[in-house]
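The chain is numbered in sequence order, starting from 1.
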Amino acid sequence: MEKKYRAKQASDSLLVGALLSASGGLQDAYTYNIRDEVFANAQTGNIVLLGQNLMLGRWEDALRYLLPLLAFAGGVYMAEVIHTHFHTRGIAMHWRHAVLLVEVGLLFAVGWMPQSLNLPANMLVSFVCAMQVEAFRELEGSSYATTMCIGNLRSAMENLYYWRKTRDDVRRHKASVYLIVIVFFLIGAATGGVLSQYWRERTILLCCPPLLAAFALMLRIRDRRLRFLSLITGAEEDAAVVGEDSSLPTCK
């Protein structure tokens, strides 16, 4: 049973997912409380408010929701650009490591933007959220999201139902994993909501430590895995990196 629960790759582990979800929750609370009540992650809310303001002829307010929406779309596109062009030959980094570094850099910049730059700040946070949700889509082999909860909640309840029906421990474990991710999202959102009253624009800087912790954890797991691959294949670690990225189905 333990093997069924083991993450297939570094980014697939529960601890990484929990760290990313805490950061995602904080980002959403931050933009709503500090940056003109715009949602960084929940683009559905932005689309609703965009349509409402367009119908009422409030063009400036509509733009406030349209631009973060476009930035989110751009973030998804950029994550795939990094995925396509980032090469791991000779290093233990993966393209998702590059995504995390870009996230940290942009969020750090947002923390120093004044209120007069709320619109660009919201666009950058939305861009970061999109990169994260595109790059980290699997948790222990199952689909999930680190920047929103609706899909995770649906999956948790679905697996809970089938566990109660079949008593399948795998279903129970999956339900628990989804609920843990939701709890960490809640913790991040609560932290951001409370501390934003005191730290204001700087609150977003709290996203950097969990993202860097996820980066370090992924790097450690990946380096250990590459050493193992080089041992069992007899190849140098550089060749193991190339082989892992090109031939193993568990590394994307």
Engineer: Is there a donor-acceptor pair closer than 3.5 Å between any side-chain N or O of Gln115 and the backbone N or O of Ile34?
Structural biologist: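 Checking the backbone N and O of Ile34 against the side chain of Gln115, a donor-acceptor pair under 3.5 Å is found.
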
Engineer: Show the numbers, then the answer: is there a side-chain contact (heavy atoms from CB on, under 4.5 Å) between Leu20 and Thr147?
Structural biologist: CA-CA 8 Å; Leu20 296 178; Thr147 61; over 6 Å; no

Engineer: In sequence, state the C-alpha distance, the side-chain angles, and the governing distance for Gln43 and Ser126, and then conclude on side-chain contact (heavy atoms from CB on, under 4.5 Å).
Structural biologist: CA-CA 9 Å; Gln43 296 303 318; Ser126 291; 3.7 Å; yes

Engineer: Give me the one residue out of Met131, Gln132, Met78, His97 that meets side-chain contact (heavy atoms from CB on, under 4.5 Å) with Val102.
Structural biologist: Met131

Engineer: In the structure I gave you, are the side-chain heavy atoms of Asn53 and Arg64 within less than 4.5 Å of one another anywhere?
Structural biologist: no

Engineer: Between Asp36 and Val38, is there a donor-acceptor pair closer than 3.5 Å when you use the side chain of the first and the backbone of the second?
Structural biologist: no

Engineer: Less than 4.5 Å apart, any side-chain heavy atom of Cys207 and any of Val104?
Structural biologist: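 When only atoms from C-beta onward are counted, Val104 and Cys207 do not touch, as no gap falls below 4.5 Å.
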
Engineer: Are His83 and Arg96 packed together at the side-chain level, in the sense that at least one heavy-atom pair is separated by less than 4.5 angstrom?
Structural biologist: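 His83 vs Arg96: side chains apart.
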
Engineer: Establish whether Leu69 and Leu106 are linked, either directly or via other cluster members, by ILVMFWY side-chain heavy-atom contacts under 4.5 Å.
Structural biologist: no

Engineer: Can you find a pair of side-chain heavy atoms, one from Glu37 and one from Leu49, that are under 4.5 Å apart?
Structural biologist: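 A side-chain contact is absent here, since even the closest heavy-atom pair is not under 4.5 Å.
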
Engineer: On a heavy-atom basis, which atom in Gly111 and which in Leu205 lie closest, and how many Å separate them?
Structural biologist: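 Taking every non-hydrogen atom into account, CA-CD2, 4.1 Å.
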
Engineer: Just to verify, which of Asn41, Asn152, Thr146 counts as forming a side-chain contact (heavy atoms from CB on, under 4.5 Å) with Phe185?
Structural biologist: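 Between Phe185 and the candidates, side-chain contact (heavy atoms from CB on, under 4.5 Å) is satisfied uniquely by Asn41.
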
Engineer: Got a donor-acceptor contact below 3.5 angstrom from the Arg35 side chain to the Asn122 backbone?
Structural biologist: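 Here the side-chain-to-backbone pair does not exist.
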
Engineer: Calculate, to the nearest 0.5 Å, the distance between atoms OG and CG belonging to Ser21 and Leu186 respectively.
Structural biologist: 11.5 Å

Engineer: State whether the side chain of Arg137 and the backbone N or O of Ser143 hold a donor-acceptor pair below 3.5 Å, judged by distance alone.
Structural biologist: no

Engineer: Are Ile82 and Met218 connected in the hydrophobic side-chain network, where two residues link if heavy atoms are under 4.5 Å apart?
Structural biologist: yes

Engineer: For Met123 and Phe72: C-alpha separation, side-chain torsions, deciding distance, then whether side-chain contact (heavy atoms from CB on, under 4.5 Å) applies.
Structural biologist: CA-CA 7 Å; Met123 292 175 66; Phe72 189 93; over 6 Å; no

Engineer: List the steps, then state whether side-chain contact (heavy atoms from CB on, under 4.5 Å) holds for Val125 with Leu107.
Structural biologist: CA-CA 7 Å; Val125 177; Leu107 292 177; 4.2 Å; yes

Engineer: Using side-chain heavy atoms (C-beta onward) and a distance below 4.5 Å, is Leu179 in contact with Ser176?
Structural biologist: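 Leu179 does not reach Ser176 side chain to side chain.
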
Engineer: Are any side-chain N or O atoms of Asn159 and backbone N or O atoms of His173, one a donor and one an acceptor, separated by less than 3.5 Å?
Structural biologist: no

Engineer: Side-chain heavy atoms nearer than 4.5 Å, only ILVMFWY residues, links allowed to pass through others: does that put Ile187 and Leu26 together?
Structural biologist: no

Engineer: Taking Glu201's backbone N and O only, do any of them form a donor-acceptor pair with Tyr30's side chain (distance below 3.5 Å, no angle check)?
Structural biologist: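 Yes, the answer is positive, given that a donor and an acceptor are paired below the 3.5 Å cut-off.
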
Engineer: With rounding to the nearest 0.5 angstrom, report the CG to OG1 distance, Asn46 to Thr31.
Structural biologist: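 Atom-to-atom, Asn46:CG and Thr31:OG1 are 8.0 Å apart.
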
Engineer: Counting C-beta onward and ignoring hydrogens, is there a side-chain heavy-atom pair between Lys174 and Tyr162 closer than 4.5 Å?
Structural biologist: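 They are not in side-chain contact.
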
Engineer: For Tyr144 and Gly17, which heavy atoms make the closest approach, and how far apart are they?
Structural biologist: OH-CA, 3.4 Å

Engineer: Would you call Leu211 and Phe215 a side-chain contact if the rule is heavy atoms closer than 4.5 Å?
Structural biologist: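 Result no, sub-4.5 Å side-chain heavy-atom pair not found.
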
Engineer: Just by distance, no angles: are the side chains of Ser23 and Gln27 close enough, under 3.5 Å, to form a donor-acceptor pair?
Structural biologist: yes

Engineer: State, with a plain yes or no, whether a side-chain heavy atom of Phe39 is found less than 4.5 Å away from one of Tyr65.
Structural biologist: no

Engineer: Nearest 0.5 Å, please: how far is CG in Leu212 from CG in Leu217?
Structural biologist: 12.5 Å

Engineer: Check whether any side-chain N or O of Asp12 sits under 3.5 Å from a backbone N or O of Leu139 as a donor-acceptor pair, and report yes or no.
Structural biologist: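 Yes: the side chain of Asp12 pairs with the backbone of Leu139.
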
Engineer: My understanding is that only residues two or more places apart in sequence, or in another chain, count here; which of them pass side chain to side chain donor-acceptor pair (under 3.5 Å) with Glu134?
Structural biologist: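 For Glu134 there are no side chain to side chain donor-acceptor pair (under 3.5 Å) partners, ignoring immediate neighbours.
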
